[in-house]
Structures are given as structure tokens and as C-alpha cells.
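Here the structure is laid out as C-alpha cells; the discussion comes afterwards.
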Amino acid sequence: MKTKHIKIYILLLFITGLLQLDILNIEWGYFKYVQALHILGSIIVTLFLLVPLVNIHVYKHLIVQKENSINGLLLGFVLFLITASGFYLFLVGNRGGDVFGAYSFNIHLYGSFLLLIALFMHTKKRVNPTIISGIALLFIGALFYPALSFGDTGNKLTNMQLEEKVERYHIEDWTNSAKCKSCHTEIFNQWADSNHRHMADTNPYYMVMENLAAQDKGHGFRKWCMGCHNPSAVTTGQDKTTHTMNDNTMPDVLFESGSASLIDELKTHGNAKLEQGISCITCHRITKTESKGNSSYSLDLTNRKKYVFEDSNSKVNQWLDEKFINSNPKVHKESYSNPIYKKSTYCASCHDEFLPDSNLSVVATFKEWEKSPFNNPTDLSKHKNCIDCHMTNLKDNKFSPLKDASTDGGKIKEDVKVHYFSGSNHFLSGLKNKVNEEQTIQLLKTSAKLDVEIEDGKIKVGVKNVGAGHHLPTGVADFRELWLDITLKDKDNKVVFESGKLKDDNNLGEDARPFMKIFGDENGIPVGLLFWKYKKLLSDTRIPAGERRVESYDIKEAEKLQYPLTATIKLNFRVYPQWVTDAVKRAYPQLPNPPVVELNKIEKVFLK
């Protein structure tokens, strides 16, 4: 085998190694073959080509001819380090908790560049020793520079903490949620079409906003969004959310129910393909939460107790694993349960949101609840935590705790906490599953009551927040539309006053008075989609928990009104304004428009 052939093989291995860098983000359908080619090719080339050639070369030039080549020694040393680090990564890995794995990664990565330089120098007769010294110093420095091995978590962008001595997870640490379906069928089916499941790659609004944030603030700013929307990607060193893929095609998951693609991925790839978004293990391995910044929670994936075949992809072993768990599930239950799950502080780490540069509050759902009458631990008849509303089953627009088992064949419970995660976004979950949508709409309809009076030439409408344990609306309230739709007719059924109607372009009319927040920049100009530019709160017309707001409207020529008058008042809700959806539809034209949902309606006749 000629030396030039060996150089070609080394170059090919170098290229296949580079293609695996996260920064290139190649599609999984290609990546898995590149990785296999690199690993298997490296083993074959090393064992059957490089080792014999190096032995012959060293014997000839170092032993027989007694040559003393600094270039040759450098080349041999680098080759040894790359080979040793490569075998360590293959046999042991770089799972985050092993310092040797981190060093092996850096040695293998930076050493590959040094190897190409050393090969070039070795073909030259004379090389300046200063160059050799400089390269050696760069290589040694690279060993202690972890930027390409472990992502910088950045306290200002994400406050996520991993277990002690772990700086990042391996993809396979993130158990595919579809694996939970075999024993928790109904819980999985509820979660599969919920908004918690579709927080990242399958959410068109989120994908547009993350990309827009990166364009405006720089690529690294994505982590501010991903800490809560895509923790699996952050903890495995990925720097952006990627579209969900079915090998080399992008399926239309907007209308896919039951997370069918996720189930197929488990069957095809096991845990080797990363599940993005909020998975089962995300919530069920959180060990601590705070309200001190974005994603201020602690994760622990590696210290859970696993049964013998829990990580196996073999069908036989998986079957055995289920039998082992079911025969003695105590350890399994303890591994995925925590008393904090029943506390509202559990939700605070992501439902209180702060800007990373100014620490201004963007979302304060938990803090709103803290100040509400629902936070009343001294009177348990009035006290309600987050899960009492958002994880309790609803029927006929009333809370109706679900009496069932959370595990297939398990103990019947009086109040199974359902995993629809009802909140405000009925729309995206409803594209996949009408049951999920109906649960959220029912919850929304418990939130407010209306009243109306006409006096002194004015129509006065009262809206009381009776059901929400936070402001109405909450969350991304700069993107939520909650408003009064008012129609007043006289005795001849003629409209004499109206407000809150949609325009021809489906946007809300200028006369409407939505209950929402409006963020402004330092000059007081509304920031629109770019909410991270928020410097000044221009207005906040939302209704705190338990409070009543009265909106008063002047009626023109009230003295000429022909009684009796009929007032029709609707409290309408739309999860995204039309202008926001229009922006998203430029990237996702198949996305339908969110409907207007009528949360409450009253009619009242005024005789005089």
C-alpha cells in the first residue's frame, strides 16, 4: 500500500469526522451513515493499514537508518493520541460526566487538524522549529478549551442545572417518550397531542420566533428560548431547534395525531434519535425548580435507577423489561415521581419568564398566582395549585376529576391528573385532536363572568375574572387576544352601537379594547413580534384573579335611542392575532387561521 493512499484514507476520515460537528447540523438520514463510516473506517484503516505501515516505517528509519526526525516523532505522537482518543470515545464515550471523555473529544477533534499539518510537514525536508513549537502550544491549549465539546449554558440565557459532574447529556440519555406508551397508554395519548409535547420542532409559531430571535440577536440567543421549549437539545450540545424529520423528509406534523412520527422513530432508531420539545422524562426527572430566571430548574437523567433491560432496543429485552418493572414497580415509580410536582413552584421555572439582558418580566404567571386568592394554603377549600386547574379533567365546562388508573392495569385513583395540559392554546392541539382542544376550551370558559348596564348615555360592561388563578389572560399576553364584542340594537332591530368586530383582513378593529399587554422599546414604540426588545410596558389591561374590570363606551345620540334596547355581549378569545399568524404562514402556508372562541355571552333587554 503506497503512502499516498494512506494519506487519502486519512483525509476521508478527517472529512467524515468534520461532518459530524453540531455546527454543520446535517440531516439525520445522512448523519447516521457518516458516523458509521467514520467509526468503522477508522477501525479498519488503523488496524489493517496504519499500524503495519507505521511499524515498517519506524523500523526502517528509526532502527535501521537511525534517523532522528522531529517531524516524524511529532507525527507519530499525534497519530497515537488520535488513535487512543478515538478508541476511548468508541468504547467508553463522552457522556458528560467523564472528564476523560471530554479530553478525548478535544484531542480527537483538534488533533485531526494537527495530524494533517504534521503529515504535510513530514513530507518536507526542513521545517522551522518555531512552527512546530507554535503548533504544539495551540494543541495543548485546545485540550482545555471546551467550546466544541460542551455548550456554554450561559446563566443569562438559561439557568438550567444538571446533576453534579455532568455538563451535558448523551442523546440516548433522553428516553423516547413513546417508550412510556406501553404501560401508560392513556396518559401518553393525552400528552401526545398536547402543547407540552409540541413546544419546539412541531410548533410553527415557536420555530418562526426562534429563528427570528437568532436573526435579530445572534445565533447563541436561541438558547434563551430553548431552555424551556427544547431542553433535550440544549443539554446535548445542540445550538438550535431543527425541524422534525422522517429520515430525509419533513412530515406535516401539524395535523398528525397521536405523535405517530415519534412512535415510528422509536421503532426505527430506538433512543439514538433525539426527541425535541418537552418529553416525559423532561418533567419527570426535574428535581428542583425556582423562579429566578428562564429555565431555572435542575435535571437529573443519569442517576435514575434502571432495570436490567431498560435501555435495550431488542424487542425481546423490551418485553422482559416491562415484565420486570411491572412485577416490582416501586423503584420505577420512585425514579419518576417527586413531591414538587404537586406544587405551583414546579411550574414557575418556565412560566415566569425574564429578559436575559434587563431581567424585565415578560411572563409572570406564577407570581400572579402567588398574589391571587387561589394561593391560600391556610384555607384548603379555597387553595388551588396549578395542577388543580390545568391537569384536572373537565366535563360540561366543570371540573370533573377522572376516576381511572394512570398505569395500564394499575390501581384506580379518584383523581388521575390528566396530561392534556389545558391552558390557552386550544388551536394547535386541536389540529391534531379534538378531545385535547375541547378540554382547553372548557377550561377557558370557566374563567370569566359578564354583566352589562346602560346609564347616562353609556354602555358599561363588567368582566370579572372568576376562574383563572392568574391574570386574564396570562402567559404570552402580548400575543393573546381577549376582547369584548358588543352589539346594541333598538326596538326596530337596528344596530345603534357596536364594538370589537373583526375587519376584512381578520384583524381586530381599532375600536376594540383587548385585555392584553403591549411592550414597547426604549422610544415607546410597540415591539410587535420582537418582544425581546421590550424596554417599556406601554399598557397592561389584563384582569387579575378575582377582580372585576368595567369598560365604558359612549353611545352617540343616546337621547334619540328607541327603546327597548337589546345588548348582546360576547367575551371572545383568539390565541394569536391575525397579524402574528400571517407572519408565521409565510413559513408555514398550510397553517390555518386560529378561530375566535366565544368564552361567555349575555343578552339583556333595557326597557328604558
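Bear in mind the structure is a predicted one, so any value in this text is a computation, not a measurement.
Electrostatic pairing of Glu370 and Lys367 does not count as a salt bridge here, judged by no charged N lying under 4.0 Å from a carboxylate O.
The environment of Lys371 atom NZ is sparse: at most 12 non-hydrogen atoms of other residues, nucleotides or ligands sit within 6.0 angstrom. Applying the 6.0 Å contact sphere to NZ of Lys417 captures more than 12 heavy atoms from other residues, nucleotides or ligands. A 6.0 Å sphere centred on NZ of Lys585 holds more than 12 heavy atoms belonging to other residues, nucleotides or ligands. Residue Lys503 places its NZ atom among more than 12 non-hydrogen atoms of other residues, nucleotides or ligands, all under 6.0 Å distant.
Side-chain N/O atoms of Thr487 and Thr568 include no donor and acceptor closer than 3.5 Å. Residues Ser259 and Arg197 bring a donor and an acceptor atom of their side chains to less than 3.5 Å of each other. With no hydrogens or angles considered, a side-chain donor-acceptor pair links Asn211 and Arg222 at under 3.5 Å.
Applying the disulfide (SG to SG under 2.5 Å) test to Cys228 and every residue at least two apart in sequence or in another chain returns Cys350. Residues passing the side chain to side chain donor-acceptor pair (under 3.5 Å) test with Asn230, sequence neighbours excluded: Ser232, Thr241, Gln276.
Among residues at least two apart or in separate chains, there is no salt bridge (Lys or Arg N to Asp or Glu O under 4.0 Å) pair with a member in residues 521-530.
Side-chain contact between Asp201 and Tyr206 is absent, with no heavy-atom pair separated by less than 4.5 Å. Side-chain contact between Asp505 and Gln578: absent, with no pair of heavy atoms (C-beta onward) separated by less than 4.5 Å.
In this structure, Tyr205 and Tyr576 have parallel ring planes: the angle between them is below the 30° cut-off, well short of the 60° mark.
The residue from Leu484, Asn465, Asp540, Leu472 that alone fulfils the side chain to side chain contact (heavy atoms under 4.5 Å, CB included) condition with Phe515 is Leu484.
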